[in-house]
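Worth saying up front: this structure is predicted, and the values here are computed from it rather than measured. Heavy-atom basis, side chains included; hydrogens, waters and symmetry copies ignored. Naming convention: chains lettered A, B, ... in sequence-line order (proteins, then strands); numbering from 1 in each chain.
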There are 2 protein chains.
Amino acid sequence: MAFRSEILIKLDKKGRVLLPAAFRDELPADDRGAFVLYHSPNVSGVVNGNSRMGFDAMLERLRAEALGPKGSLKVALDDEAFDPAGYLSAGARTIAMEPDGRFSMPAEFVEALDAADGVMLVGKVEKFQLWNPARWQARRAAEREKMAAFVRNLSAGGDA
Amino acid sequence: MAFRSEILIKLDKKGRVLLPAAFRDELPADDRGAFVLYHSPNVSGVVNGNSRMGFDAMLERLRAEALGPKGSLKVALDDEAFDPAGYLSAGARTIAMEPDGRFSMPAEFVEALDAADGVMLVGKVEKFQLWNPARWQARRAAEREKMAAFVRNLSAGGDA
DNA sequence: GGCTTTCCCATGGTATCCCATTGTATCCCG
DNA sequence: CGGGATACAATGGGATACCATGGGAAAGCC
C-alpha cells in the first residue's frame, strides 16, 4: 500500500470527485467502498486522505505516543486535556464512494481547498493529499528546490 | 466504530435534536434505537455521548483500573468510598431516538450547554461531544494551536 | 384542561443510483 | 505487426432516495 503520482481530477457541478483508479487500488481489498478525508493539522488549504484502516492506525500511534500505555482511560474521561487524535477526528469525515469510484466532496473540504472545477490528488506514500491545482504547482516548485538541496547535502555527508 | 466530523444541528422549539446519520451509523447494529448522554466529568458546559455499549465498556474499565480486581464487591457494599463509575452513571441518561434519528434533549443538558437554537456535535473517535456552537469555535481555535505545537515537537524529537 | 411528549406527514436540498458517452489502453487474431 | 475488437477509466446528466427540518395531530400526564 503506497500512494503515488499526481492526478488532476474534475470537480463537477454536482460536487462530485473521482478517486482515481491508481488510488482506489491502494485501499485495503476488504474496504474498497469508503475512505477518510481530514484537514491537514498544520497546513491550511490542504486536505489529507487515507483508508479507514490507515487513518485509524495513525490515530492509535498518535495516542500511544502522546499519552503512554495508560492513556486510554484518561483520554476517555478527561475532556480538558488536549487529545491530538480527537482533534484530527473532529476534522475528519468518512467518505463512501459509488461503485464507479466517485464521491461527493463535502462542502467544508471544497471551501478549504478553494477548489473551483478541479482537484489535484497527490500520492504521499502512506496517505494522499488534495490540493488546489494552482497552489500545488507553487508548492511543487518550492519542493523541487528543497529536494535538490537535500540531495546535495547527502553527497556531502554520504557514506564516506 | 469511530466517531468523526463536526456537525451543527438545530435545536427546534420543541426541544428536539437530530443525531446525524454519520453518528447513527457508528452505533452498534443491534442497538441503533438508543444511546447515552452524560455530563463531562471535568469540563462544564460539555455533554458527552456514546452508544450504550461504549458507555458501559468505559464504566467497566474504570472500575477495573481504578479499583482493582476486588473493586466490584467493594463498590457493591461500600457506600462511603468514592466510586467514579457511579458518579458518571448518575449524570448519564439513556436517550431513545425516534425512527428518523431525532430525540428530545433533556432539559438538564440543554441548560448545561446553554444551547439556544443549535448544538455542535463533535466526533472524538470512541465517543462524541455536544457543545454550544460558539464555545466550540473558541475551543477549536485553541486546539488548533496545540495541534500545531504538537506536530512541531514531533519533528524536533523524531524517533532518534 | 392545559401542557408536554410522541407519532406522523410534508418539504427542500443534497447525495446516490443508474445509464450514457468518449477516449485510451489492452487484447486477440491472423 | 497491423487492425480492429474489447475493456476500463473518467466524465455528464436524469431520476430517485435519503437527510435534515418543520409542523400538525394524537396520546399521555399532572
Side-chain angles (χ1 to χ4, degrees), chain A residues 3-27 29 31-37 47 49 52 92-113 115-123 128 130-131 133 136, chain B residues 3-27 29 32-37 49 93-111 113 115-123 128-131 133 136:
Chain A
F3 297 102
R4 308 186 211 287
S5 84
E6 37 186 278
I7 306 175
L8 180 62
I9 291 289
K10 287 264 170 68
L11 173 68
D12 70 21
K13 51 225 78 170
K14 285 165 122 179
R16 290 180 299 187
V17 173
L18 177 81
L19 187 70
F23 288 7
R24 295 202 300 273
D25 292 344
E26 300 302 328
L27 296 176
D31 191 22
R32 284 272 163 86
F35 62 98
V36 175
L37 289 182
V47 174
R52 286 199 273 207
R93 296 204 42 182
T94 301
I95 307 286
M97 275 184 289
E98 300 169 39
D100 63 0
R102 281 192 292 189
F103 60 96
S104 61
M105 186 125 103
E108 53 184 301
F109 294 129
V110 177
E111 288 166 24
L113 293 174
D117 58 353
V119 178
M120 185 64 81
L121 287 277
V122 183
F128 58 90
L130 315 202
W131 284 79
W136 169 246
Chain B
F3 297 102
R4 313 185 210 280
S5 86
E6 38 185 273
I7 306 176
L8 179 63
I9 292 289
K10 288 265 169 66
L11 173 67
D12 69 21
K13 51 225 80 173
K14 286 165 130 178
R16 291 180 299 186
V17 173
L18 177 81
L19 188 70
F23 288 7
R24 297 202 299 274
D25 292 344
E26 300 302 328
L27 296 175
R32 285 272 165 84
F35 62 99
V36 175
L37 288 182
R93 295 201 43 182
T94 300
I95 308 287
M97 277 183 288
E98 299 168 38
D100 62 0
R102 282 192 290 191
F103 60 95
S104 59
M105 186 126 102
E108 54 183 302
F109 295 129
V110 176
E111 288 166 24
L113 294 173
D117 59 351
V119 178
M120 185 66 80
L121 287 276
V122 182
F128 59 90
Q129 294 183 326
L130 315 202
W131 284 80
W136 169 248

Kindly indicate whether the side chain of Leu121(B), heavy atoms from C-beta on, has any atom under 4.5 Å from the side chain of Leu130(B).
yes

Using a distance-only test with no angle check, is there a side-chain donor-acceptor pair under 3.5 angstrom linking Arg16(B) and Ser104(B)?
no

Over how many whole Å does the gap from Met97(A) atom CE to dT16(C) atom P extend?
12 Å

With a non-hydrogen cut-off below 4.0 angstrom, is Pro20(B) in contact with a base, only sugar-phosphate, or nothing?
sugar-phosphate

note: Asp25(A), atom CG; dC8(D), atom P; distance rounded to Å ~ 12 Å

Closest to the Lys14(A) side chain: dA10(D), dG23(D), dA15(D)?
dA15(D)

Does the pair Arg102(A)/Asp100(A) count as a salt bridge with the N-to-O cut at 4.0 Å?
yes

What is the distance, to the nearest angstrom, from the CD atom on Glu108(A) to the P atom on dT14(C)?
15 Å

Separation of dC7(C) atom C1' from Phe103(B) atom CZ, nearest Å, is 18 Å

Selection from dA9(D), dC8(C), dT11(D) that lies nearest to any side-chain heavy atom of Arg102(B)
dC8(C)

Figure out the CG/P separation between Leu121(B) and dC19(D), and round it to whole Å.
16 Å

Could you work out which one of dC19(D), dA10(D), dG22(D) sits closest to the side chain of Asp12(B)?
dG22(D)

With respect to the side chain of Arg16(B), which nucleotide from dC17(C), dG12(D), dC7(C) is positioned closest?
dC7(C)

Glu98(B) side-chain proximity, nearest of dC7(C), dT11(D), dA10(D)
dC7(C)

Rounded to whole Å, how long is the line connecting atom NZ of Lys10(A) with atom C1' of dG12(D)?
10 Å

Euclidean distance, atom CG of residue Asp117(A) to atom C1' of dT11(D) [Å, nearest integer]:
13 Å

Calculate the interatomic distance between Asp100(A) atom CG and dA15(C) atom P; express it in whole Å.
16 Å

Sorted by position of nearest nucleotide on DNA chain D, 5' first, the leading residue of Lys13(A) and Leu19(A) is Leu19(A)

Let me confirm one number: the CH2-CD distance from Trp131(B) to Glu6(B), rounded to the nearest 0.5 Å.
11.5 Å

Report yes if at least one side-chain N or O of Ser104(B) is closer than 4.0 Å to OP1 or OP2 of dT4(C); otherwise report no.
no

Evaluate the ring planes of Phe128(B) and Phe23(B), with Trp represented by its six-membered ring, and classify them as parallel (under 30°), tilted (30 to 60°) or perpendicular (over 60°).
tilted

